[in-house]
Amino acid sequence: MSRISERIRYVGVNDLKKVLFEGMWPLPFGVSYNSYLVMDEKVALIDTVEAEFADEYMDNIRKELGDRKIDYLVINHMEPDHSSLISLIRKSWPDVRLVANAKTVPMIKGYHGIDTNIHVVKEGESLSLGKTDLTFYMAPMVHWPETMVTWLAEENTLFSGDAFGTFGAVDGNITDYSSRLYGNSDSSDDAFADFRDEMRRYYSNIVGKYGQTVQAALKKLSALEIKRICSTHGPVWEKHIPEVVAYYDKLSRYEAEKGVCIAYASMYGNTSRAAHALAAELEKRGVKYAMHNLCTGNVSYAYRDLFQYETLVVGAPTYNNDIFPPAYNFMYGVGARLVKNRKFAAFGSYTWAGASVKLLNEMAQKFGFELISEGMSFAQAYSPEKCDMAALADKIAAEQNKGC
Ligand SMILES: Cc1cc2nc3c(=O)[nH]c(=O)nc-3n(C[C@H](O)[C@H](O)[C@H](O)COP(=O)(O)O)c2cc1C
Ligand SMILES: [Fe+2]
Ligand SMILES: [Fe+2]
């Protein structure tokens with residue numbers, strides 16, 4: 001598992017304990033924190049892992065290092081899932097030189113109180129390890145300001161930080177010729193197919209807002225002849241590089257497929273009944289959809305499918321003259337992710353004065369979405385007469401067939 005090449009060794013860990021990543025995002029298949037050793041005349045460690053895995057991590061490093069020492073610790077990203085063991089590495093190898101860019105330096109001081117023996121690198125600068133060089137490229141706001149990536153030209157290998165990363169711990173081999181999504185009983189022989197949904201969920205949940213800066217980074221990296229991507233989460237990509245890079249490009253352009261993401265919230269079931277009626281009508285017309293109950297399910301999955309499908313339909317009852325909060329919260333997150341190019345419709349129940357549908361429409365218009373319906377606000381109980389989901393499904397099916 002650990003030997004990626006003679007020079008590059010995997011020393012990361014699988015986290016199968018954490019329930020919510022960043023305190024918000026569920027991890028049904030776990031997550032991996034990847035870290036790598038590059039062994040040349042000098043030894044460089046690329047990033048670290050989550051603090052609670054210190055023992056396993058140090059074992060992994062020592063097994064590969066033998067009696068050698070670490071000369072450099074490259075810090076591509078300061079989010080604590082990768083940086084929290086910087087102090088431990090410095091304590092264990094007191095001469096280790098930290099390699100970081102100028103934006104990272106104050107963060108290292110702030111988190112670890114360390115401000116000595118830091119080698120500050122600029123865009124395009126290289127550091128010799130003996131026979132090989134590490135070259136550093138800045139990738140600001142993918143998804144933190146200090147983010148950079150590290151290129152090992154002799155191995156055509158990109159240490160990409162969170163870019164091209166995915167939720168899901170890695171089973172089997174770490175490289176994508178034979179890695180599996182941990183705990184997924186539907187696991188296939190194709191690692192990209194295995195991880196694709198978890199990659200989209202990771203991207204939409206965490207990086208989603210930064211489409212423009214991801215695009216800038218992809219453009220910059222397109223000059224490199226990449227044969228291996230060592231990201232900080234998920235498999236090491238070798239076999240599936242074209243698919244992974246194309247998918248990242250597609251996600252960061254907010255490009256979607258035909259289909260509908262239905263996200264609804266309901267207190268007493270009336271809005272919920274309408275949501276299920278829409279699903280049944282879409283089914284009849286052969287339109288693909290994904291349904292999300294925002295009251296009982298984590299919003300993480302709804303964002304995942306928002307990034308998949310070109311039409312978003314949101315259901316919410318009126319609540320204190322406003323949008324029922326779970327649906328408002330979801331829509332707030334849609335706006336925060338700067339999602340573009342979506343078709344939109346809203347529906348919801350009220351009792352004395354409907355407000356939610358009008359307010360949902362206003363939010364969607366602010367995001368630049370195209371309203372494909374004026375929305376369906378209905379009083380009290382759901383009925384097909386009050387809320388015509390067959391008509392909405394017709395409209396969606398017709399919109400989808402437009403381009404065919
Ligand atoms: C705390 C609370 C606040 C509400 N505020 C409003 C309101 O401002 N205007 C309104 O017409 N209905 C309001 N309602 C009524 C709901 O919109 C109505 O019961 C609706 O049918 C609920 O839809 P659901 O069955 O999908 O949860 C409120 C209900 C609750 C419990
Ligand atoms: Fe991160
Ligand atoms: Fe990360």
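Just the heavy atoms: all of them, side chains too, but no hydrogens, waters or symmetry mates, feed the values below. Order of listing sets the numbers, starting from 1, for every ligand and every atom in it.
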### Task
Please indicate whether E257 has more than 12 foreign heavy atoms, meaning atoms of other residues, nucleotides or ligands, lying under 6.0 Å from its CD.
yes
### Query
Using 4.0 Å as the upper bound for N to carboxylate O, is an ion pair formed by R285 and D394?
yes
### Protein residue, atom and distance nearest to atom 28 (C) of ligand 1, heavy-atom basis
T318 O, 3.7 Å
### Task
Do me a favour and list the nearest non-hydrogen protein atom to atom 7 (C) of ligand 1 with residue, atom name and distance?
W352 CZ2, 3.4 Å
### Query
Which residue supplies the protein heavy atom nearest to atom 1 (C) of ligand 1, what is that atom called, and how far is it?
Y319 CE1, 3.5 Å
#### Entry: Heavy-atom nearest neighbour of atom 21 (O) of ligand 1 within options A275, S349, G348
S349
### Task
Could you tell me whether K131 and E154 make a salt bridge, using a distance below 4.0 angstrom between a side-chain N and a carboxylate O?
no
### Query
Nearest protein heavy atom to atom 4 (C) of ligand 1, by residue and atom, and its distance?
N320 N, 3.4 Å
### Task
Identify, by atom number and element, the atoms of ligand 1 in contact range of A353, meaning under 4.0 Å from any of its heavy atoms.
9 (N), 10 (C), 11 (O)
### Summary
Per-atom filter on ligand 1: closer than 4.0 angstrom to a heavy atom of N321 are 7 (C), 8 (O)
### Query
Do E399 and K395 meet the salt-bridge criterion of a basic N to acidic O distance under 4.0 Å?
no
## Note on the structure
One finds that the ligand 1 atoms under 4.0 Å from a non-hydrogen atom of Y268 are 24 (P), 25 (O), 27 (O)
### Query
Short list, please: which atoms of ligand 1 are under 4.0 Å from a heavy atom of S266?
24 (P), 25 (O), 26 (O), 27 (O)
### Query
Does the distance from a Lys or Arg side-chain N to an Asp or Glu carboxylate O, for D249 and R253, drop under 4.0 Å?
yes
### Message
Less than 2.8 Å away from the Fe ion (ligand 2), how many protein N/O/S atoms can be counted, ignoring water?
### Response
4
#### Entry: NZ/NE/NH1/NH2 to OD/OE distance under 4.0 Å, E52 and K17
yes
### Query
What's the shortest distance from atom 23 (O) of ligand 1 to any protein heavy atom, and which residue and atom give it?
P317 CB, 3.3 Å
### Task
Assert yes or no for the condition that the ring centre distance of F192 to Y247 is strictly below 6.0 Å.
yes
### Message
Exactly one of D133, T132, T135 should register a side-chain hydrogen bond (donor to acceptor under 3.5 Å, both in side chains) with S126. Which one does?
### Response
T135
### Task
Mind running ring-ring contact (aromatic ring centres under 6.0 Å, His included) on Y202 and H233 for me, showing each step along the way?
CA-CA 10 Å; Y202 179 88; H233 302 285; 5.3 Å; yes
### Summary
When distances are taken from atom 31 (C) of ligand 1, the protein heavy atom at minimum range is M267 SD, 3.7 Å
### Message
Tell me whether D95 is salt-bridged to R90, with the criterion being a basic N under 4.0 Å from an acidic carboxylate O.
### Response
no
### Message
I need the atoms of ligand 1 closer than 4.0 Å to a non-hydrogen atom of T271, numbered in the order shown.
### Response
23 (O), 24 (P), 26 (O)
#### Entry: Identity and separation of the nearest protein heavy atom to atom 18 (C) of ligand 1
T351 OG1, 3.1 Å
### Query
Is it the case that R342 places NZ or CZ above or below the six-membered ring of F367, under 6.0 angstrom from the centre and within 45 degrees of the axis?
no
### Query
Under the criterion side chain to side chain contact (heavy atoms under 4.5 Å, CB included), which of T104, I75, L98 is the partner of I118?
L98
